[in-house]
Number of protein chains: 2
Amino acid sequence: MRRTRFDDAFCPIARVTDLLGDWWTPLVLRDAMYGITKFEDFQQELGVSRAVLSARLVRLVDEGLLDKIPYQDRPVRHEYVLTEKGRAAGDVLAAMWRFGEDHMWEGDDQPLVELASRTTGEQVRPLVVDEATGERVELDRLKLRRRR
Amino acid sequence: MRRTRFDDAFCPIARVTDLLGDWWTPLVLRDAMYGITKFEDFQQELGVSRAVLSARLVRLVDEGLLDKIPYQDRPVRHEYVLTEKGRAAGDVLAAMWRFGEDHMWEGDDQPLVELASRTTGEQVRPLVVDEATGERVELDRLKLRRRR
DNA sequence: CGGAGTGAGTCTGTTTGTTGAACTCACTCC
DNA sequence: GGAGTGAGTTCAACAAACAGACTCACTCCG
């Protein structure tokens with residue numbers, strides 16, 4: 001029996017879960033954000049099995065988050081680079097970063113690393129707001145309605 | 001061999017992946033955001049197997065995203081309600097919503113539902129910004145550094 | 001020319017996880 | 001006394017993930 005798929009669900013969260021919910025997928029995407037492009041580099045960085053990595057990269061290319069671009073012939077070698085859609089998925093990872101930073105360390109412990117701007121050097125702390133008002137989003141306080 | 005765990009990774013994204021990356025988990029949390037509290041209601045809404053639902057709820061309670069509160073004796077019945085930490089995880093779901101809304105429908109198709117404020121009735125579109133500057137976060141443009 | 005090295009996978013046997021369906025248990029309601 | 005309900009647990013079949021070995025097409029070094 002196939003694992004239940006959500007890729008044609010009416011709900012955006014379900015469709016994204018279908019795409020990013022496979023084990024290892026968010027970490028592959030994260031490493032792509034950090035500039036990793038080659039199969040071997042993903043594999044060594046993550047320690048994932050080569051078979052699983054191969055399957056994840058194929059999916060991400062199929063879904064349009066990564067482009068697979070040949071950068072030499074004889075033998076053919078590829079690099080995997082983020083597409084526009086792939087970069088947009090960075091917002092989900094950024095939200096995960098913030099939630100993890102705030103809630104996944106016990107007591108006074110904090111993660112050893114932080115995000116910072118390459119230009120100003122200031123620390124960056126992702127926050128989810130409403131685009132129109134700039135106010136924090138609280139999902140449990142919103143309602144769902146049919147789009148008009 | 002156990003599926004590789006990321007719950008003690010140095011990276012916040014990896015730890016959150018460990019927590020939310022199990023199949024069905026984001027959807028359980030989403031339904032909790034929409035106000036579902038009872039086992040049977042989750043099961044019927046999602047169509048997930050009862051065994052998996054049971055395991056996911058146990059994990060979410062263990063991790064402190066849900067509280068399991070008895071609301072009657074004889075027989076004991078519980079409701080699962082979001083904790084503060086659980087509501088905070090809503091930001092990740094909101095970012096998923098936005099990415100899904102923008103990128104998971106083909107061509108001119110759009111999801112049939114949208115998020116709206118309960119108070120003003122205005123549509124809400126989650127956006128990930130830097131808390132300090134209010135500017136959009138582009139994860140692939142940031143750097144990682146050791147926290148000082 | 002021969003052998004080591006490398007990038008990008010595929011293959012294999014075993015262990016874990018997911019699925020749908022049936023089953024349990026402790027009740028309540030008629 | 002029997003049907004119904006809420007909240008699970010158990011089961012066997014199937015899918016996915018694991019570590020490690022293997023393949024293939026090259027290049028580089030001596």
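These figures come from a predicted structure and were not determined experimentally. Throughout, a chain's letter reflects where its sequence line sits, starting with A, and its residues are numbered from 1. Both backbone and side-chain heavy atoms feed into the values below; hydrogens, waters and symmetry mates do not.
The pair A/Glu40-A/Arg50 meets the salt-bridge criterion, with a side-chain N (NZ, NE, NH1 or NH2) lying under 4.0 Å from an Asp/Glu carboxylate O. A/Lys85 has no carboxylate O lying under 4.0 Å from a charged side-chain N of B/Asp102, or vice versa, which leaves the two without a salt bridge. Salt bridge status for B/Arg148 with A/Glu114: present, with a side-chain N to carboxylate O gap under 4.0 Å. Taking the charged nitrogens against the carboxylate oxygens, B/Asp18 and B/Arg59 do have a contact shorter than 4.0 Å, which makes a salt bridge.
Base engagement by B/Val52 is indicated by at least one non-hydrogen atom pair under 4.0 Å involving a base atom. At the heavy-atom level, B/Phe42 lies nowhere under 4.0 Å from the strands shown. Heavy atoms of A/Tyr80 sit under 4.0 angstrom from primed sugar atoms or phosphate atoms, though from no base atom.
A donor-acceptor pair is defined here as one N or O able to donate and one able to accept, closer than 3.5 Å; such a pair exists between the side chain of A/Thr17 and the backbone of A/Ile13.
In the set D/dA7, D/dC18, C/dT18, the nucleotide with an atom closest to the side chain of B/Trp24 is C/dT18. When the nucleotides D/dC18, D/dG8, C/dG7 are ranked by their closest atom to the side chain of A/Glu40, C/dG7 comes out on top.
An OP1 or OP2 oxygen of D/dA15 is reached within less than 4.0 angstrom by no side-chain nitrogen or oxygen of B/Trp23. OP1 or OP2 of C/dG9 has not a single side-chain nitrogen or oxygen of A/Lys38 nearer than 4.0 Å. Contact annotation: B/Ser54 side-chain N/O to D/dT9 OP1/OP2 distance is under 4.0 Å.
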Just the atom pairs and distances: protein N or O near nucleotides 10-14 of chain D's N or O, under 3.5 Å.
unit_1	atom_1	unit_2	atom_2	d
D/dC14	O3'	A/Met1	N	2.4

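In a base pair of the Watson-Crick type (N1 to N3 plus N6-O4 or O6-N4) or a G-U wobble (N1-O2 and O6-N3), with each distance short of 3.5 Å, C/dC29 is matched with D/dG2.
Rounded to whole angstrom, the span from the NE2 atom of B/His78 across to the P atom of C/dC27 amounts to 13 Å. Remark: C1' of C/dG20 and CG of B/Leu46 are 15 Å apart, rounded to the nearest angstrom. One can place CZ of B/Arg77 at 10 Å from P of C/dT28, the figure rounded to the nearest angstrom. Atom CZ in B/Arg56 sits about 16 Å away from atom C1' in D/dT9, given to the nearest Å. Rounded to an integer number of Å, the gap from A/Tyr71 OH to C/dT6 P is 13 Å.
Both tests do not hold together for A/Arg30 against A/Trp97: distance to the six-membered ring centre under 6.0 Å, angle to the ring axis within 45°.
What you find for A/Pro111 and A/Glu101 is that their closest heavy atoms are CG-CG, 4.0 Å.
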